[in-house]
Protein chains: 2
Amino acid sequence: MSPAARRAEIVATAAAVALAEGLECITLRRIAEELGVRPGLISHYFPAVEDLVAEAYGSAAAAELDDLLPADRAGATPTECLARFLARTSGEEYDDISRLWLNARHLSRYRPALRDRVAAQEAAWRERLEAVLRDGVERGEFRTGDPMVTAMQILVVLDGLGMLVNSADTHDDPPAVRRMPVTLAERELGLPPGTLAPVED
Amino acid sequence: MSPAARRAEIVATAAAVALAEGLECITLRRIAEELGVRPGLISHYFPAVEDLVAEAYGSAAAAELDDLLPADRAGATPTECLARFLARTSGEEYDDISRLWLNARHLSRYRPALRDRVAAQEAAWRERLEAVLRDGVERGEFRTGDPMVTAMQILVVLDGLGMLVNSADTHDDPPAVRRMPVTLAERELGLPPGTLAPVED
DNA sequence: AATGCTATTGAGTGTGCGACCAACAAGCAA
DNA sequence: TTGCTTGTTGGTCGCACACTCAATAGCATT
């Protein structure tokens with residue numbers, strides 16, 4: 001098998017393991033078994049496992065970002081994009097991503113390579129969201145002083161809610177808590193309540 | 001040495017290690033070496049290391065809570081308590097605590113005993129903060145519909161900012177982001193801006 | 001001083017991990 | 001066909017981990 005394809009296959013497998021079971025489950029033996037090859041082969045492509053972990057995380061996070069906030073927003077208005085983003089990030093299917101972020105943010109305490117990747121993905125997510133907000137401001141849909149700050153604020157609140165993914169059952173939280181990202185976005189962007197998501201009682 | 005004292009000493013040591021280096025650094029060997037005893041002795045008091053980890057986390061978190069929001073607020077007004085709480089939690093000295101929460105929240109994915117402890121501490125922190133808010137409402141200092149929801153919201157934002165402790169340097173974040181907990185508290189409690197912390201430009 | 005309890009040791013077991021390397025084999029070039 | 005590059009194997013080393021348990025030493029009480 002060609003080196004590039006093999007390498008991509010390894011990263012993809014590692015990313016899947018990371019999403020399902022956590023970054024610390026990315027081990028030479030585990031990934032090798034998953035692919036039906038010997039552990040030594042993984043070592044051959046990634047002499048240091050830490051680099052594979054970083055790569056797997058980066059791959060998963062980037063893919064999720066492209067899914068949540070596609071780079072080309074063909075046809076969709078910024079309001080629609082943002083509403084979709086907020087709906088997705090509060091859904092249960094997003095829990096795995098929340099776990100991945102939590103995992104990566106903690107693990108990057110010990111793994112410099114991962115820390116760099118996390119910083120890069122943080123920036124990427126912020127910039128992508130910021131672009132939507134900026135576009136919305138230009139089109140007159142949003143009103144905000146600083147799209148970057150608003151983007152950061154939304155992401156901080158999302159992170160805060162994501163922190164709870166392993167402990168509490170997020171679904172019995174009061175609506176005022178669950179809706180924090182939506183409420184913040186609507187307030188900061190000068191949108192009437194209910195624009196980005198239907199108001200629950 | 002008496003069993004109770006020894007046990008307390010072990011937990012205290014483990015808590016210190018957890019705060020300084022992380023919960024995964026709590027190993028039989030590490031704690032034993034720290035105390036100048038043999039690993040077997042730690043096993044004797046904690047047959048399962050997971051229980052020591054949970055205990056150490058609980059001990060550290062509870063101590064920090066007592067420091068941040070003392071149970072008896074002798075003399076201090078709710079506004080003063082809250083202002084002090086928000087000042088402390090945004091200081092650099094709080095970084096170790098942020099790391100501990102991040103650590104525990106991630107690790108509780110794999111450790112049931114730790115998960116229970118985290119849930120308990122989450123509740124304890126929320127209730128302690130809620131009590132301050134409720135007191136403030138009764139005294140007419142605060143105005144909020146639901147103190148519990150406001151307490152949860154403040155904690156979510158604090159968690160969100162704490163997520164960044166290992167990646168970005170929190171100090172180059174814009175004031176509008178750094179001040180999110182203060183802004184949220186002032187808004188939700190009907191306080192004029194600047195009441196809980198001086199406004200930076 | 002003898003006895004009994006128990007905190008503590010020392011040695012050992014088994015597991016999983018990353019990393020290393022010589023040997024093999026399959027594909028491509030000469 | 002021959003030869004060489006290289007993807008791949010199989011085996012191995014050393015390390016750190018949790019956990020077990022019989023033996024020991026020190027402190028009670030009697």
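- Residue A:P47 is in sugar-phosphate contact alone, with no base atom involved, counting any heavy-atom pair closer than 4.0 Å across all strands shown.
- At a threshold of 4.5 Å between non-hydrogen side-chain atoms, the residues B:V199 and B:V182 do not count as touching.
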- Task: With pairs defined as Watson-Crick or G-U wobble and both distances under 3.5 angstrom, please note down DNA chain D as a dot-bracket string, | for pairing with another strand.
- Result: ||||||||||||||||||||||||||||||

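- Running 5' to 3' along DNA chain D, contacts with non-hydrogen atoms of chain B at under 4.0 Å begin and end at D:dC17 to D:dT20.
- Separation of atoms CG (B:L102) and CG (A:N103) is listed at 9.5 Å; rounding is to 0.5 Å.
- Between the side chain of B:E188 and the main chain of B:T144, no donor-acceptor pair closer than 3.5 Å is present.
- Phosphate contact (OP1/OP2 of C:dA7, side-chain N/O of B:Y45, threshold under 4.0 Å): absent.
- In this structure, A:R111 places its CZ atom 11 Å from C1' of C:dC17, rounding to the nearest Å.
- Protein atom CZ of B:R38 is 8 Å distant from nucleotide atom C1' of C:dT9, rounded to whole Å.
- Taking CG of B:L114 as the start and CG of B:D51 as the end, the distance is 10.5 Å to the nearest 0.5 Å.
- A donor-acceptor contact shorter than 3.5 Å is absent between the side chain of A:R126 and the backbone of A:M152.
- Within residues 2-28 of chain B, the residues approaching DNA chain C are B:P3, B:R6, by heavy-atom distance under 4.0 Å.
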- Could you walk me through whether B:R115 and A:N166 pass the side chain to side chain donor-acceptor pair (under 3.5 Å) test, one step at a time? CA-CA 8 Å; B:R115 180 158 49 235; A:N166 286 326; over 6 Å; no

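- Rounded to a whole Å, the NE2 atom of A:H44 is 14 Å from the P atom of C:dC21.
- To the nearest angstrom, P of C:dG18 lies 7 Å from CZ of A:R29.
- Side-chain N or O atoms of B:E50 include one that pairs as donor or acceptor with a backbone N or O of B:A113 at under 3.5 Å.
- The CD1 atom of B:I10 lies 4.0 Å from the CD1 atom of B:I42; values are rounded to the nearest 0.5 Å.
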- Item | A:L19 vs A:E64, side chain to side chain contact (heavy atoms under 4.5 Å, CB included): CA-CA, chis, key distance, verdict | CA-CA 11 Å; A:L19 268 173; A:E64 180 64 20; over 6 Å; no

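- Spacing between atom CG of A:L41 and atom P of C:dG18 amounts to 15 Å, rounded to whole angstrom units.
- When atom types are taken as modelled, the side chain of A:Q153 and the backbone of B:M180 share no donor-acceptor pair closer than 3.5 angstrom.
- For the side-chain hydrogen bond (donor to acceptor under 3.5 Å, both in side chains) with B:T79, the qualifying choice from B:R139, B:R84, B:E141 is B:E141, the only one to do so.
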